[in-house]
Amino acid sequence: MPELPEIETIKRDLENIIIGKRIKDVEVKVARIIKEPSVENFIKGVQNKEIKEVLRRGKVLILKLSAQYLVIHLRMTGQIIYGDKQEKSKIVFLLSDGKYLNFLDQRVMGEIKLINDWRDLPFIKQMGPEPLDKGFSLEKFQEMLKGKKTKIKPLLMDQGFIAGIGNLYAVEILFRAKANPLRPANSLVLSEIKKIYSAIKEVLEEGIWHRGSSVDTYRDARGEKGKFEQRIRVYGRKGEPCFGCGDPIEKITLGGRGTYFCPKCQK
DNA sequence: CGGGGCTCCTGTGCGC
DNA sequence: TGCGCACAGGAGCCCC
């Protein structure tokens with residue numbers, strides 16, 4: 001599942017590959033992925049537009065074109081792969097260098113929009129801070145947690161609270177911080193908040209360093225798998241021995257999502 | 001306002 | 001062995 005580190009990896013790859021190139025044409029094989037404008041206007045809107053910049057906000061990938069923005073959300077199984085045209089592509093952009101930018105998506109939950117300003121999207125407007133920005137300080141995190149009765153794990157996954165963290169990284173962050181996913185946010189004391197805060201930065205940076213995790217279908221912009229999955233401590237390890245104490249890892253459902261943790265190490 | 005549950009979607013893997 | 005169902009989860013939505 002592409003989360004902040006995976007999208008950031010794709011963003012950095014694409015920066016080196018496609019900036020300055022033009023989209024000559026686009027083939028829309030699955031219309032429902034294009035959320036706005038109409039498919040017809042989408043095609044007209046991207047034709048012969050230069051890719052000026054690649055941006056990321058949370059789990060959202062943004063390509064700045066000559067006038068508008070191409071906003072891409074990969075959701076669960078979306079992939080953006082540069083190179084030859086791929087048979088399974090749902091959307092194919094033909095670039096001015098003769099290569100293709102393929103949008104693939106097994107479960108077809110991804111979304112692409114062409115809009116005047118990405119900052120106007122409601123989902124972006126209500127999004128929480130970028131966890132790797134300097135502005136996301138310990139003090140700010142402390143402030144954000146105040147009065148939040150929500151369990152810490154779903155809270156970390158709430159894009160309105162903090163941007164870019166999904167199920168896998170939320171689970172890994174809490175294991176690193178030795179915090180139980182069920183803890184109400186406002187029950188955490190400063191020493192625990194500090195550990196979670198540090199773990200957020202560390203785990204996400206480690207994820208980027210290892211070019212993401214490919215436990216599902218994630219691939220980088222060149223179609224390669226990430227290596228962070230080798231660093232995973234708890235995700236998907238139900239019943240297997242905890243790397244901290246050897247007790248079996250437990251799996252519960254929280255907010256409908258599989259939540260892995262060690263009840264002994266995570267208090 | 002918060003939280004639970006359903007929805008979308010399809011390949012995989014488990015149980016009977 | 002083969003079939004059928006549950007499961008995977010990001011985010012919008014409804015409802016209590």
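So you know, we letter chains A, B, ... as the sequences are listed, proteins then strands, and number each from 1. Everything numeric here is computed off the predicted structure, so don't read it as measured data.
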Taking atom [atom2] of [N] as reference, at what distance in whole Å does atom [atom1] of [X] sit?
X	N	atom1	atom2	value
A:Asp105	B:dG11	CG	P	11 Å
A:Ile252	B:dG4	CD1	C1'	15 Å
A:Lys153	B:dG3	NZ	C1'	15 Å
A:Leu182	B:dG3	CG	P	13 Å
A:Leu4	C:dG10	CG	P	13 Å
A:Ile162	C:dG10	CD1	P	15 Å
A:Leu74	C:dA11	CG	C1'	14 Å
A:Lys35	C:dG12	NZ	P	12 Å

Among [options], find the nucleotide with the atom closest to the side chain of [X].
X	options	value
A:Lys151	B:dT10, B:dG4, B:dG2	B:dG4
A:Lys148	C:dG12, B:dG2, C:dG10	B:dG2
A:Arg32	B:dC9, C:dG10, B:dG11	B:dC9
A:Lys59	C:dG9, C:dA11, B:dG3	C:dA11
A:Arg75	C:dG12, C:dG9, C:dG10	C:dG10
A:Phe123	B:dG3, B:dT10, C:dG12	C:dG12

>> Please classify the nucleic acid contact of A:Thr150 as base, sugar-phosphate, or nothing, using heavy-atom distances under 4.0 Å.
In response: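 Since only primed, P, OP1 and OP2 atoms lie under 4.0 Å of A:Thr150, the category is sugar-phosphate.
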> With a 4.0 Å cut-off on heavy atoms, is A:Gly258 in touch with a base, just the backbone sugar-phosphate, or nothing at all?
Replying inline: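 Sugar-phosphate only.
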Is [X] near enough to [N] that one of its side-chain N or O atoms lies under 4.0 angstrom from OP1 or OP2?
X	N	answer
A:Gln159	C:dG10	no
A:Tyr218	C:dG10	no
A:His73	C:dA11	yes

> Considering only heavy atoms from C-beta outward, does the side chain of A:Gln79 approach that of A:Phe103 to under 4.5 Å?
Replying inline: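 Contact flag for A:Gln79/A:Phe103 side chains = no.
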>> Is the shortest side-chain heavy-atom distance between A:Lys153 and A:Leu182 below 4.5 Å?
In response: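 Contact flag for A:Lys153/A:Leu182 side chains = no.
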> Does the side chain to side chain contact (heavy atoms under 4.5 Å, CB included) test come out yes or no for A:Ile17 and A:Leu101, once each step is laid out?
Replying inline: CA-CA 10 Å; A:Ile17 302 172; A:Leu101 201 59; over 6 Å; no
> What residue among A:Ile80, A:Thr77, A:Leu74 forms side chain to side chain contact (heavy atoms under 4.5 Å, CB included) with A:Pro2?
Replying inline: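 Exactly one candidate clears the test, A:Leu74.
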> Should the pair A:Glu130-A:Arg56 be classified as a salt bridge under the 4.0 Å nitrogen-to-oxygen rule?
Replying inline: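 Between A:Arg56 and A:Glu130 there is a salt bridge, with a charged N closer than 4.0 Å to a carboxylate O.
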> Within the modelled atom types, does a donor on one side and an acceptor on the other bring the side chain of A:Arg257 and the base of C:dG10 under 3.5 Å apart?
Replying inline: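 Between C:dG10 and A:Arg257, which were checked side chain against base, a qualifying N/O pair under 3.5 Å is present.
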>> Nearest heavy atom decides the nucleotide; on that basis, is A:Glu111 or A:Met76 closer to the 5' end of DNA chain C?
In response: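 Looking at DNA chain C, the more 5' nearest nucleotide goes with A:Met76.
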>> A:Phe136: which residues meet the ring pair (Phe, Tyr, Trp, His ring centres under 6.0 Å) condition with it, sequence neighbours left out?
In response: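 A:Phe136 satisfies ring pair (Phe, Tyr, Trp, His ring centres under 6.0 Å) with A:Phe141, A:Tyr197 once adjacent residues are dropped.
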